[in-house]
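See below for the structure under consideration.
Just follow the structure's listing: the first ligand is 1, and inside any ligand the first atom is 1.
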Amino acid sequence: MSALTGKKILLGISGGIAAYKCAELTRRLKDQGADVRIVMTKAAKEFITPLTMQAVSGYAIADSLLDPSAEAGMGHIELAKWADLVLLAPATANLIARLRAGFADELLTTLCLASPAPIAVSPAMNMKMYFAPATQENITVLAERGLHIWGPGKGPQACGDIGPGRLLEPSDLVQRVIEFFAPVPQLLAGVSVTITAGPTQEALDPVRYISNHSSGKMGFSLAEMAQRMGANVTLISGPVSLATPLNVKRIDVCSAMQMHKASLQDLAQCDIFIACAAVADYRPEHVEVQKMKKQQGVDDLTIKLIKNPDIIADVASANTGTFCVGFAAETQDVERYALDKLKRKKLKLIAANDVAKSGQGFNSEKNALTVFSETERFDITLADKKKVANQLLVIIAQQYLQST
Ligand code: C5P
């Protein structure tokens, strides 16, 4: 049996140059056992012929909402119900905008509205179109609605620009589909997990603050994966621009003091606390009510900082039996500093990463971790933050179950 045997995939193709990759994508999905039916927009047919797509999928192409003969075969509602997954690849800026607005004036967007199946969107467009505020906002909204956003990839584009906007390669897309259908072991079924994520902002005056480069991606990946493993997840997040993972309760905070308060609030109900946030160690002693003015003739300025509470240390000392996991972002002597934090903060586990290494950690898509308990050490090699989150949660779940 192949990885996708029996899975029904509705591949929606919109009009981008990357549509030529869809023949290969369809073949590779079928190699894995998937049943693939194809819907094309009018523009898609300018880039790859329906005949090619019919030949590789083995089915007539659906392309019209108002075609009586097509509706007599498999009507659009039937097709929407048939799919286990709707994969939109390539998804152009136009298709993404139309999905966001909820259009139903042609077959593909109508199917997306009518289908109860999960929808994966693989954006492909010129990088300037991708970075346009409208497109970014549309993608964020789709992700918030629970659609899966796969890509885009980075690299040379058909128009000569180099950057994000390429359709993921067919082999990567097939891998995403396989991972999507792979059952997630319910290692954290019914367990309450609270995760802190992102940076904190420590106000100096109404318009300025002290903060750091944390993107929140690691914490958000942990929240998503813990939820998929069956946990009830609360995500306490500093200011980040990330969509809330599906079925996760999110509490937005700004400062370390606010994060501290939110973390201690429902601690009695919290089985596992994972402190992934990059909390500011210090905050300005005084927050000016008015914007601080530049003083003529004064060349230096001293701001007194005072210590913030250590959130995870306070959670671990609260005697609620909560299993506490910390992070240690270090630039040197990673093991020594991590083990010191484990003991000092009374943690069960600490996940250490070397933020001096480029391409991992802060504000990056990837991470690598070394996880320490009092007696054991586990290495998680450099990978996409979702994969790292998955591996870390497997370790956390095992250690948590042993401790209960
Ligand atoms: O001491 P350091 O800041 O390096 O410790 C990092 C760990 O402690 C992380 O898990 C971080 O989320 C947590 N932390 C915290 N409250 C602070 C500072 C750090 O929870 N004020």
Side-chain angles (χ1 to χ4, degrees), residues 193-203 209-223 226 233-240 251-267 270 272-285 305-318 320 322-356 360-363 367-374 378 380 385 388-389 392-393 395-396 399-400:
V193 178
T194 298
I195 299 167
T196 66
T200 63
Q201 288 179 356
E202 310 300 326
Y209 56 79
I210 299 171
S211 191
N212 58 66
H213 292 296
S214 170
S215 64
K217 282 179 196 152
M218 192 65 228
F220 275 60
S221 298
L222 282 165
V233 181
T234 303
L235 178 61
I236 303 173
S237 177
V240 295
I251 301 172
D252 282 315
V253 296
C254 219
S255 66
M257 293 300 278
Q258 291 169 353
M259 190 174 273
H260 184 257
K261 189 171 170 216
S263 298
L264 292 171
Q265 204 126 54
D266 292 318
L267 205 50
C270 172
I272 300 177
F273 186 88
I274 307 175
C276 195
V279 185
D281 292 326
Y282 294 88
R283 66 180 184 279
E285 186 177 30
L305 301 176
I306 53 169
K307 216 173 201 168
N308 269 326
D310 192 312
I311 300 170
I312 196 162
D314 286 356
V315 168
S317 306
T320 47
T322 305
F323 186 97
C324 289
V325 183
F327 274 73
E330 305 294 349
T331 53
Q332 55 174 336
D333 249 343
V334 176
E335 178 164 352
R336 188 159 65 87
Y337 285 125
L339 285 171
D340 171 62
K341 269 175 210 169
L342 183 84
K343 285 205 189 74
R344 195 162 32 85
K345 302 193 186 207
K346 300 196 185 77
L347 310 179
K348 293 286 195 288
L349 287 174
I350 192 144
N353 58 348
D354 189 340
V355 285
Q360 67 182 63
F362 264 19
N363 221 349
N367 207 359
L369 295 172
T370 309
V371 186
F372 299 95
S373 71
E374 219 174 58
F378 312 86
I380 301 176
K385 282 185 175 169
V388 171
L392 176 58
L393 286 164
I395 297 168
I396 293 172
Q399 300 278 317
Y400 168 71

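Here Lys341 has side-chain heavy atoms under 4.0 Å from ligand 1, and that is the only part of it that gets that close.
No N or O atom of Ala328 sits closer than 3.5 Å to an N or O atom of ligand 1.
For Lys348, the NZ atom sits in a loose shell: 12 or fewer heavy atoms of surrounding residues, nucleotides or ligands are nearer than 6.0 Å. Counted within 6.0 Å of CZ on Phe323, heavy atoms from surrounding residues, nucleotides or ligands total more than 12; the atom is thus considered enclosed.
Closest to atom 19 (C) of ligand 1 among all protein heavy atoms lies Lys345 NZ, 3.8 Å. Among protein heavy atoms, the minimum distance from atom 3 (O) of ligand 1 is reached at Asp281 OD1, 3.7 Å. In terms of protein heavy-atom proximity, atom 11 (C) of ligand 1 is closest to Ala277 O, 3.3 Å. The shortest contact between atom 21 (N) of ligand 1 and any protein heavy atom is with Pro309 O, 2.9 Å. When hydrogens are left out, the protein atom nearest atom 16 (N) of ligand 1 is Ile311 N, 2.9 Å; that is the closest non-hydrogen contact. Scanning all protein heavy atoms for the shortest distance to atom 7 (C) of ligand 1 gives Phe327 O, 2.9 Å. Nearest protein heavy-atom neighbour of atom 20 (O) of ligand 1: Ile312 N, 3.0 Å.
At distances below 3.5 Å, not a single donor-acceptor pair connects side-chain atoms of Arg283 with backbone N or O atoms of Ile306. No donor-acceptor pair closer than 3.5 Å links the side chain of Ser255 to the backbone N or O of Gln201. At least one donor-acceptor pair under 3.5 Å links the side chain of Thr196 to the backbone N or O of Cys276.
Every atom of ligand 1 is numbered from 1 in the order shown, and the set under 4.0 Å from a heavy atom of Gly326 is 10 (O).
Here the closest heavy-atom approach between residue Ala280 and residue Ala256 is recorded as O-CB, 4.2 Å. In terms of heavy-atom proximity, Leu222 sits nearest to Ile195 at C-CD1, 3.7 Å.
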